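Here's the structure we're looking at; comments come further down.
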Amino acid sequence: MGAAMNAARPQVTRFAPSPNGRLHLGHALSAIVAHDLARASGGRFLLRIEDIDGPRSRPELADEFRRDLEWLGLEWEEVPAQSTRLASYAAAAEALKARGLFYPCTCTRKEIEEAGAVPGLEGLIYPGICKRRAPDPTRPAAWRLDAERALAEVGPLTWDDALAGPQVLDLAGLGDVVLVRKDLPASYHLAVTLDDAADGVTLVTRGADLFAASHVHRTLQALLGLAVPRWHHHPLLTDGTGEKLAKRRGSPALAERREAGEDGRMLAQQLRLQHLSLGT
Ligand SMILES: [Zn+2]
């Protein structure tokens with residue numbers, strides 16, 4: 001159903017890997033899904049390198065990623081890497097701070113655990129410690145979204161997933177997420193939302209493990225007046241035991257398979273068939 005609806009107009013999709021580790025089968029599937037949905041609609045498939053994870057980022061991997069995608073038989077347009085967009089993240093963060101929608105948080109993970117934080121959809125739900133205290137200026141601060149204020153400002157919202165259908169916006173399972181990290185001008189949530197809007201992405205494709213994050217991104221789109229895409233969260237590949245293939249120990253990187261002489265286009269076809277069998 002999703003594919004048929006997407007065919008109505010050309011879609012812009014993207015694959016946005018971080019060069020802090022090699023690509024595995026799960027990444028290949030995400031790239032193929034995004035590529036094929038764009039092609040099926042006569043649209044565009046973009047590659048964006050998400051290279052702002054400071055100490056873990058290995059720029060040389062971006063070249064390896066391009067060779068991997070080529071090996072899989074994909075064609076793409078590359079858009080600027082995240083490291084060139086830091087000013088746009090800082091500007092958006094400053095605007096949201098000025099509107100009272102962010103608050104600084106100096107908590108360590110240990111403090112959050114000791115405060116009795118409960119698990120949510122994306123790790124522990126922050127229990128609001130710093131929302132109720134003045135920040136200690138001598139400690140490094142992250143900036144969190146004040147979910148309560150944000151929801152009061154944007155009102156009831158929905159968003160649409162091509163596979164799961166219409167979703168009612170709900171931040172309860174996420175809490176006050178970090179939007180500016182202690183060490184970076186943005187967290188994943190802020191950067192990816194701004195980038196997708198700047199790149200004109202109309203169909204955000206990614207693995208179902210990031211489904212909950214879309215509630216945060218939809219909130220940010222409303223707060224910042226950004227265009228709202230559709231989403232397509234695809235099922236994750238698993239091995240026989242249900243363990244995520246991308247995380248399986250010993251699963252060879254795409255580059256290793258490529259260098260060993262495996263046929264990448266054949267592998268891409270196998271992934272397409274396996275993906276179909278998962279029900280999409
Ligand atoms: Zn805090």
Side-chain angles (χ1 to χ4, degrees), residues 2 16-18 26-27 29-30 33-34 50 53 93 96 101-103 105 107-131 142-182 184 186-196 201 203-224 226 228-238 242-247 278-280:
S18 296
H27 300 107
L29 179 68
S30 280
V33 167
E50 300 204 336
D53 198 355
L96 293 167
L101 292 160
F102 280 15
Y103 63 88
C105 172
C107 294
T108 60
R109 187 172 169 82
K110 189 159 174 276
E111 282 176 277
I112 295 171
E113 283 167 2
E114 286 172 359
V118 295
L121 298 172
E122 225 190 32
L124 296 175
I125 296 179
Y126 181 65
I129 308 161
C130 288
K131 200 174 161 179
W143 290 80
R144 290 183 179 275
L145 178 69
D146 185 332
E148 200 182 345
R149 273 183 96 146
L151 288 177
E153 194 161 313
V154 301
L157 289 176
T158 57
W159 55 277
D160 189 27
D161 183 87
L163 301 177
Q167 305 292 314
V168 175
L169 183 81
D170 182 4
L171 295 176
L174 295 149
D176 293 349
V177 295
V178 169
L179 291 184
V180 177
R181 284 171 39 166
K182 287 178 183 169
L184 291 175
S187 70
Y188 165 74
H189 296 305
L190 183 60
V192 79
T193 302
L194 291 167
D195 293 345
D196 284 342
V201 172
L203 182 64
V204 173
T205 63
R206 57 187 173 212
D209 52 338
L210 286 165
F211 193 92
S214 298
H215 288 285
V216 177
H217 304 175
R218 180 68 186 88
T219 306
L220 287 172
Q221 286 151 6
L223 291 172
L224 294 166
L226 305 174
V228 180
R230 285 183 87 208
W231 281 263
H232 178 114
H233 293 93
H234 63 77
L236 301 175
L237 293 174
T238 56
E243 194 181 354
K244 271 199 249 169
L245 256 187
K247 302 277 162 70
L278 292 170
T280 59

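Keep in mind that this is a model prediction, so the values were computed, not measured. We use all heavy atoms of the structure for the numbers below, so side chains are in, but hydrogens, waters and symmetry mates are not.
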Taking the side chain from S214 and the backbone from H217, do they hold a donor-acceptor pair closer than 3.5 Å? no

Judged by atom type as modelled, is there a donor-acceptor pair below 3.5 Å linking the side chain of H215 to the main-chain atoms of D170? yes

The criterion is side-chain contact (heavy atoms from CB on, under 4.5 Å); which residues satisfy it with A93, sequence neighbours excluded? F102, V180, L190

Are R109 and E113 ion-paired here, with the side-chain N under 4.0 Å from a carboxylate O?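 Yes.
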
[atom1]-[atom2] distance between [X] and [Y], expressed to the nearest 0.5 angstrom:
X    : Y    : atom1 : atom2 : value
C130 : D176 : SG    : CG    : 10.5 Å
T219 : L145 : OG1   : CG    : 7.0 Å
L226 : R218 : CG    : CZ    : 10.0 Å

Pair S30-H234, side chain to side chain donor-acceptor pair (under 3.5 Å): steps then yes or no: CA-CA 8 Å; S30 280; H234 63 77; 2.8 Å; yes

Kindly write out the residues that satisfy salt bridge (Lys or Arg N to Asp or Glu O under 4.0 Å) with D146, not counting sequence neighbours, or none if the list is empty. K131

From CA spacing to verdict: side-chain contact (heavy atoms from CB on, under 4.5 Å), C107, I129: CA-CA 8 Å; C107 294; I129 308 161; 3.8 Å; yes

Consider only side-chain N and O atoms of E122 and H189, and report whether a donor and an acceptor are under 3.5 Å apart.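 Looking only at side-chain atoms, H189 and E122 do form a donor-acceptor pair, the distance falling under 3.5 Å.
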
Would L223 and V154 count as a side-chain contact (heavy atoms from CB on, under 4.5 Å) if you check the C-alpha gap in whole Å, the side-chain angles of each, and the deciding distance to 0.1 Å? CA-CA 7 Å; L223 291 172; V154 301; 3.4 Å; yes

Mind checking whether H233 and W159 have parallel, tilted or perpendicular rings, split at 30° and 60°? perpendicular

Report the C-alpha distance between L179 and V216 in whole Å, list the side-chain angles of each, state the deciding distance to 0.1 Å, and finish with yes or no for side-chain contact (heavy atoms from CB on, under 4.5 Å). CA-CA 10 Å; L179 291 184; V216 177; 4.3 Å; yes

Can the ring centres of Y126 and W143 be said to be less than 6.0 Å apart? no

Between L29 and L236, does the side-chain contact (heavy atoms from CB on, under 4.5 Å) criterion hold? Intermediate values first, please. CA-CA 8 Å; L29 179 68; L236 301 175; over 6 Å; no

